[in-house]
Amino acid sequence: MLINVAENVVADALRGMAAAHPELAVDVENRVIVRGDAPVAGKVALVSGGGSGHEPLHGGFVGPGMLSAACPGEVFTSPVPDQMVRAAAAVDSGAGVLFVVKNYTGDVLNFDMAAELAEDEGVQVAKVLVNDDVAVTDSLYTAGRRGTGATLFVEKLAGAAAEEGMPLERVEAIARRVNDHSRSFGVALSACSTPAKGSPTFDLPAGELELGIGIHGEPGRERRSMMTSGEIADFAVHTVLEDLKPRNPVLVLVNGMGATPLLELYGFNAEVQRVLRERGVAVARTLVGNYVTSLDMAGASVTLCQIDEELLRLWDAPVRTAALRWGM
Amino acid sequence: MLINVAENVVADALRGMAAAHPELAVDVENRVIVRGDAPVAGKVALVSGGGSGHEPLHGGFVGPGMLSAACPGEVFTSPVPDQMVRAAAAVDSGAGVLFVVKNYTGDVLNFDMAAELAEDEGVQVAKVLVNDDVAVTDSLYTAGRRGTGATLFVEKLAGAAAEEGMPLERVEAIARRVNDHSRSFGVALSACSTPAKGSPTFDLPAGELELGIGIHGEPGRERRSMMTSGEIADFAVHTVLEDLKPRNPVLVLVNGMGATPLLELYGFNAEVQRVLRERGVAVARTLVGNYVTSLDMAGASVTLCQIDEELLRLWDAPVRTAALRWGM
Amino acid sequence: MLDADFFCRWLAAAAAAVDREADRLTELDSPIGDADHGSNLRRGFTAVVALLEKEAPDTPGAVLTLAGRQLISTVGGASGPLYGTLLRGTGKALGQAPQVSEAEFADALRAGVDAVAALGGAAPGDKTMLDALVPGADALPTSFAAAREAAHQGALATVPLQARKGRASYLGERSIGHQDPGATSSALLFEALADTAEAAGEALDDASGEASGAASGE
Amino acid sequence: MLDADFFCRWLAAAAAAVDREADRLTELDSPIGDADHGSNLRRGFTAVVALLEKEAPDTPGAVLTLAGRQLISTVGGASGPLYGTLLRGTGKALGQAPQVSEAEFADALRAGVDAVAALGGAAPGDKTMLDALVPGADALPTSFAAAREAAHQGALATVPLQARKGRASYLGERSIGHQDPGATSSALLFEALADTAEAAGEALDDASGEASGAASGE
Ligand SMILES: Nc1ncnc2c1ncn2[C@@H]1O[C@H](COP(=O)(O)OP(=O)(O)O)[C@@H](O)[C@H]1O
Ligand SMILES: Nc1ncnc2c1ncn2[C@@H]1O[C@H](COP(=O)(O)OP(=O)(O)O)[C@@H](O)[C@H]1O
Ligand SMILES: [Mg+2]
Ligand SMILES: [Mg+2]
Ligand SMILES: [Mg+2]
Ligand SMILES: [Mg+2]
């Protein structure tokens, strides 16, 4: 691993991010990444965060048109409430703060505590839970669906809504609508290695793959022998479409888990588009890349988000972050 | 690997790229990626290309402010002259075409043949060779320094010059100046697997690394036992600075080889910046990411480019491509 | 009676145990989790000990409340708020008494465990830390040693369970056959507690009845 | 005398050999290259055979020139232009004669090999395809079998060499101890040539002196 010591990977990364992005205000000690011009007067602020190891999520999405601040926890460990409280204080202009929380026990508990504390300090806080992962089928007997690829959609679209000047309730409603209309499914072709463990988190022989993985290097629901890119696309898209029955066009995110070469990811996208065509689903926009990752895991996920005119406008709206950038 | 069959990976990727990027004209059959509005009247065109497996290089750099067209070869195999000839014909507005060629025997031979053929068809062609890799020390008894990370700088800066309307000689001179003032050094923490071979191209046990690698999954000049991110930064930056003695500020590219998590890459950047500070080298701009890759290889390279006022202006100039985008 | 110092020594012992077992906890968190439980708790308990060395409150309740707040501020993940709530809930229940009896402590710990269940929404049998915390707390009125043993057995008993809370639940039936890392670390806390009490008891015996920090045999 | 059909059969035999040995060629290209030589040549020679089946030119020169152009258009990498130049150079030197003698072919092949050396700037001893091409071409005036053997020995002799051209040169001394993939494929071409000639000779013997496509013993 390209690291110094496992204990310092997050701090080291934040120092490197600060050096590469003078437009961001990076508080290395307190682990908060804030857009440089925050607070923006009158604008609702978006704060997200979660364990590190999913980069560019969330820090790479801080900037005009997307997040106001991000709170990186230790690798695969949700941040502590102090970080979110500090971030909220730094970005709140008085218009309120939306916490974008991926649905993991740790994230939920820590953001909940942070929301209470921030409200004690007079910040108006709303929360939206992202839980798009259809691989978690039985939400009664589990911690519920995980937040994965849809997080990018929620952060982009709600971020654009906030940038347009919408009030907190509307930004929150848009975030919720995006989440409600988004579903994901992921596969792993290899496990990943956390700095703390130093070796793969589980054993996945070449020639086998895990279906229905999350983004924390955990095994999926099921192991199979290797499938082609086309077969994986069939499986993933069908599984998503069993749950999401889009009547409108969709946004497509073909996301790499970190170590999937773009060459393969684009090839996989060709298959995903084929399946969508076969199923009669119209595609409005497609984004391909390693955006919501699991360290050096090989694999991919597909996220579909059924959109409407407003959401399409918000998607096309300008965004200027380290990892997602267009229109300005 | 997330593929269908090894023979089709390039065609599959091009289909996927076409689907994700309607602003590009992707000729899947003839393997040429052209910016959608080409030819641009009066503008010098830039054409590059090389083996696939280095994505986003070069296809991800096609668009306003950078390349006019890219020609992807098979994985790690330079494209054939027919592709470059076709690309040149598609993008030439009469102002001439600059071929950006990485210094590998295959690329040089194929682009040379293409230049002859294109000139036969009445296109004015200039060529610039990128050879920035200081790991190749003995250019008398080798094929000469390889073209690696500096390719991104050459394509961005010469692309911006062409976009500004400079004539072919000046665009060519800028490309040459960028290359002359750029040096790179890379390390591998793992080998990569080509689709054709299906397994790692060489054996690199965990706990060892290769110093002085190129971008084709080849071993480096030397194997060592694992070093920390800080030690690697020391080694890489010192080696580059032995060769490049910048008096002006530099552009820094901290580049991942494909499977290096952004978390690690940003941490590595912190160390690179430390070494530059210790050596008194001023940094004008820093770019961190997986840009000039070697499939799923883990590792990183450092490229420095000594700039001047004109080059800094060209770096900051707007660019709109799949992988590099700012100012528009 | 148990005084503030006893609880500081317990937390120091817990930190040492977590430090010693961190790799095993992370290892247990690999097949059914995300391979961070050991480093999470090590970070948190190290910070707790550092804080208590700097400012040791003088009541048992304040020691546990401060330690819980520190866990919340330094651990993150699921276990940070949960263990933080365990200590805070216990500490709050102890109130401001300068010394507490073992029975008072057992009642308070029960309140802390209830707070964990309320926060995380889990029940015994869900393959979580509660599978060690609840039997441990149940046995504490008997003796520290009985609590240690009960928590230990509770942790072992998570192996055949299918997880219904936390990350392991995503695995469905594949979570069966692995010991829950959180239940394992909870058992470590009870072990550290019993060890601390026994050491205090021995110190007491050695000193033939000196008064300070006594803990055992009441 | 060798006619167009003989050269088509040679190229078909070469394509079959390359196909058979593709994995080995790629394997040789792994430690000192980029693991593509076998698939490169397979792609190229498959395309050559397909083209020749569609439009078989009727002179030896035209067959080789067309095949060389097809290699250039389909292989890429270093070996595409180099092998393309080998065949084109040889084909051009053969001119437009409908049949050529073995001696004429040997001279033409020498011209093709020279063109490869001129294009790539390599010399024998640099650990490239020239290390098999040059001895093979040198021995061709003796016999097809001698050329096969010389090229084969030339390829084997690349093992102890340090590469000075192509990708392997980047490795410096670490290139020593590996057989050059390009020299190995060049030896395959000579092997296919000798096999084709021998098969033609046998066909000749079997048919006791029929005229068409004869190749051996002149
Ligand atoms: N809802 C819950 N209630 C009680 N304990 C839980 C709950 N969710 C998770 N846990 C415990 O937390 C442990 C995992 O802690 P840790 O690995 O530090 O956090 P994370 O799962 O966020 O990585 C699990 O082994 C389990 O015992
Ligand atoms: N300059 C050169 N002259 C002659 N042969 C060369 C030269 N450079 C490379 N070669 C040959 O090409 C072979 C590699 O071919 P191939 O793997 O298809 O291309 P690439 O190196 O572009 O991947 C080498 O083994 C060597 O024999
Ligand atoms: Mg965790
Ligand atoms: Mg090659
Ligand atoms: Mg965990
Ligand atoms: Mg090769």
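Naming convention: chains lettered A, B, ... in sequence-line order (proteins, then strands); numbering from 1 in each chain.
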Practice task
May I ask you to say whether Arg24(D) pairs ionically with Glu21(D), meaning some side-chain N is under 4.0 Å from a carboxylate O?
Solution key: yes
Fill in the blank from the handout: If one checks every heavy atom of Ala168(D) against chain B at 4.5 Å, the contacting part turns out to be neither
Practice task
Please state whether the rings of Phe144(D) and Phe6(D) are parallel, tilted or perpendicular, taking 30° and 60° as the class boundaries.
Solution key: tilted
Problem - Note: Glu198(D)-Arg148(D) ion pair, threshold 4.0 Å (strictly below) - result: yes
Practice task
Under 4.5 Å heavy-atom distance to chain B, tell me which part of Thr85(D) shows up: side chain, backbone, both or neither.
Solution key: side chain
Problem - Interface residue of largest heavy-atom contact number with chain D, from Pro81(B), Gly50(B), Gly73(B), Ala135(B), under 4.5 Å - result: Pro81(B)
Handout entry: Heavy atoms from other residues, nucleotides or ligands near CD of Glu222(B) exceed 12 (cutoff 6.0 Å)
Key = yes
Exercise for the section: Measure Leu117(B) against the heavy atoms of chain D and call it side chain, backbone, both or neither at under 4.5 Å. Expected result: side chain
Completion exercise
Bottom line for Arg223(B): the part with an atom under 4.5 Å from chain D's heavy atoms is both
Practice task
In sequence, state the C-alpha distance, the side-chain angles, and the governing distance for His54(B) and Ser294(B), and then conclude on side chain to side chain donor-acceptor pair (under 3.5 Å).
Solution key: CA-CA 5 Å; His54(B) 309 301; Ser294(B) 201; 5.3 Å; no
Handout entry: Region of Thr194(B) in contact with chain D, defined by heavy-atom distances below 4.5 Å
Key = side chain
Handout entry: chain D contacts, top residue of Asp133(B), Val108(B), Asn110(B) (heavy-atom pairs, under 4.5 Å)
Key = Asn110(B)
Completion exercise
With chain B, the option among Gly77(D), Gly38(D), Ser30(D), Gly76(D) that has the most non-hydrogen atom pairs under 4.5 Å is Gly77(D)
Problem - chain D contacts, top residue of Leu109(B), Thr201(B), Thr105(B) (heavy-atom pairs, under 4.5 Å) - result: Leu109(B)
Practice task
Sort Glu74(B) into side chain, backbone, both or neither according to what part of it lies under 4.5 angstrom from a heavy atom of chain D.
Solution key: side chain
Fill in the blank from the handout: Applying a strict 4.5 Å limit to non-hydrogen atoms, the region of Arg42(D) in contact with chain B is neither
Handout entry: Heavy-atom pair count under 4.5 Å with chain B, highest-scoring of Ile72(D), Asn40(D), Thr26(D)
Key = Ile72(D)
Exercise for the section: Between chain B and each of Ala78(D), Gly172(D), Ser73(D), Ala35(D), count heavy-atom pairs under 4.5 Å; write down the option with the most. Expected result: Ser73(D)
Exercise for the section: Hey, can you tell me if Phe61(B) and Tyr291(B) have their rings parallel, tilted or perpendicular (30° and 60° cut-offs)? Expected result: tilted
Handout entry: Arg43(D), CZ: over 12 other non-hydrogen atoms inside 6.0 angstrom
Key = yes
Exercise for the section: Specify which of Gly51(B), Gly214(B), Gly212(B), Gly220(B) makes the most heavy-atom pairs with chain D at under 4.5 Å. Expected result: Gly220(B)
Handout entry: Parallel, tilted or perpendicular: rings of Phe185(B) and Phe235(B) (30°, 60°)
Key = tilted
Practice task
Between chain D and each of Pro219(B), Gly217(B), Cys192(B), count heavy-atom pairs under 4.5 Å; write down the option with the most.
Solution key: Pro219(B)
Problem - Cationic N near anionic O, under 4.0 Å, Asp132(B) to Arg146(B) - result: no
Problem - Carboxylate-amine/guanidinium contact Lys197(B) Glu27(D), below 4.0 Å - result: yes
